[in-house]
**Q** 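Sharing a structure below in structure tokens format, with a few things to ask.
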Amino acid sequence: DHPVFPKLHQYSSLPHFDLSSLNIAGDIEISNNYQLLNLGLDSLVEADELKLYNNSALTDMSGLGSLEGGTNFWFEIYNNSELMTLDGLHSLNETYIFKVYNNANLVSLDGLPTYSQLGYTEIHDNDQLVSLFDSSNLSPASVCSSNIICSVNVYDNMALCQDLVDSLYAMLNAPSGTITANDGVCN
């Protein structure tokens with residue numbers, strides 16, 4: 001276990017944090033920062049948990065380019081009203097728990113790089129979401145390996161085509177999950 005990092009919340013006048021020397025951390029929570037544009041964690045490679053929520057000016061994941069995740073990494077992104085993409089997560093390749101929900105303007109998850117392992121995944125209530133992971137970034141044989149929980153839950157994303165979700169789910173051969181109520185138009 002890594003040391004617990006202090007919560008960074010309610011710094012409403014800061015457009016970015018400069019924590020560029022931090023490379024390993026325990027739990028990090030960045031919330032309620034209404035002018036935050038860049039996460040400022042450029043050197044962060046590993047953390048136990050990272051929660052990003054209620055950062056209303058944040059549009060992407062700039063400042064997390066070195067983050068790799070890990071077998072026990074919990075990553076949660078929610079209630080970031082201006083978040084449009086996950087661009088900036090260039091190195092993320094492994095999560096135990098990955099949740100993305102209630103991001104009103106999120107249109108794509110294409111910013112994610114190649115995943116080696118994907119554990120419990122929950123993607124819901126992102127009203128503008130029209131695309132998921134780039135399927136070329138997922139290797140079904142390794143992503144849902146037998147030594148991790150592999151549950152894919154994608155639901156209530158009103159602009160997302162259900163056929164797209166169904167094909168991702170079939171490709172991963174996920175043993176469990178919820179994949180309903182994605183009501184977008186399929187092209």
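The first residue of the sequence shown is numbered 1, and numbering continues consecutively from there.
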**Q** Who are the ring-ring contact (aromatic ring centres under 6.0 Å, His included) partners of Tyr53, not counting sequence neighbours?
**A** Tyr78
**Q** Walk me through it: do Leu52 and Ile28 pass the test side-chain contact (heavy atoms from CB on, under 4.5 Å)?
**A** CA-CA 8 Å; Leu52 306 170; Ile28 300 174; 6.0 Å; no
**Q** Identify the heavy atoms of Ala104 and Gln128 that sit nearest to each other, and give their distance.
**A** O-CG, 3.0 Å
**Q** Would you say Ile123 and Asn153 make side-chain contact, with heavy atoms under 4.5 Å?
**A** no
**Q** Identify, with sequence neighbours excluded, every residue that meets side-chain contact (heavy atoms from CB on, under 4.5 Å) alongside Leu58.
**A** Leu39, Asn55, Met61
**Q** Answer whether the closest heavy-atom distance between the side chains of Leu109 and Leu129 falls below 4.5 Å.
**A** yes
**Q** Counting only N and O atoms by type, is there a donor-acceptor contact under 3.5 Å from the side chain of Ser108 to the main-chain atoms of Ser131?
**A** no
**Q** Are the side chain of Thr121 and the backbone of Phe98 linked by a donor-acceptor contact shorter than 3.5 Å?
**A** no
**Q** To the nearest 0.5 Å, how far apart are CG in Leu106 and CG in Leu86?
**A** 5.5 Å
**Q** Please confirm whether the backbone N or O of His124 pairs with a side-chain atom of Asn126, one donor and one acceptor, at under 3.5 Å?
**A** yes
**Q** Only counting residues at least two apart or in another chain, list the ones meeting side-chain contact (heavy atoms from CB on, under 4.5 Å) with Ser56.
**A** Tyr34, Ser81
**Q** Can you tell if the side chain of Leu160 reaches within under 4.5 Å of the side chain of Val165, non-hydrogen atoms only?
**A** yes
**Q** For residues Glu46 and Leu67, report the shortest heavy-atom separation together with the two atoms involved.
**A** N-CD1, 4.3 Å
**Q** For Asn157, does its backbone N or O pair with a side-chain atom of Asp125 as donor and acceptor, under 3.5 Å?
**A** no
**Q** Over all heavy atoms of both residues, which pair between Asp156 and Asn182 is shortest? Give the atoms and the distance, please.
**A** N-OD1, 3.6 Å
**Q** Can you name the nearest heavy-atom pair linking Phe75 to Leu64, along with the distance?
**A** CZ-CD1, 4.3 Å
**Q** Kindly write out the residues that satisfy side-chain hydrogen bond (donor to acceptor under 3.5 Å, both in side chains) with Asn102, not counting sequence neighbours, or none if the list is empty.
**A** none
**Q** Does a side-chain heavy-atom distance below 4.5 Å link Asn54 with Asn80?
**A** no
**Q** Would Leu164 and Val130 show up in the same hydrophobic cluster when neighbours are defined by side-chain heavy atoms closer than 4.5 Å?
**A** no
**Q** Taking Asn103 for the side chain and Leu83 for the main chain, is one N or O donor matched with an acceptor at less than 3.5 Å?
**A** no
**Q** According to side-chain hydrogen bond (donor to acceptor under 3.5 Å, both in side chains), who are the partners of Asp60, at least two apart in sequence or on a separate chain?
**A** Ser62
**Q** Applying side-chain hydrogen bond (donor to acceptor under 3.5 Å, both in side chains), can you list everything that pairs with Glu76, at least two apart in sequence or on another chain?
**A** Trp74, Tyr101
**Q** Excluding sequence neighbours, so at least two apart, what forms side-chain contact (heavy atoms from CB on, under 4.5 Å) with Asp166?
**A** Gln162, Asp163, Ile179
**Q** Just how far is it from atom CD of Glu82 to atom CG of Leu36, taken to the nearest 0.5 Å?
**A** 13.0 Å
**Q** Under 4.5 Å between side-chain heavy atoms, chaining through other members, with only Ile, Leu, Val, Met, Phe, Trp and Tyr counted: pull out the rest of the cluster around Val107, sorted by chain and number.
**A** none
**Q** Using modelled atom types and a 3.5 Å cut-off, is there a donor and acceptor pairing between side-chain atoms of Asn38 and backbone atoms of Gly40?
**A** yes
**Q** To the nearest 0.5 Å, tell me how far Glu29 CD sits from Asn32 CG.
**A** 8.5 Å
**Q** With Glu68, which residues qualify under salt bridge (charged side-chain N to carboxylate O under 4.0 Å, His left out), at least two apart?
**A** none
**Q** When you compare the side chain of Ile30 with that of Leu41, does any pair of heavy atoms fall below 4.5 Å?
**A** yes
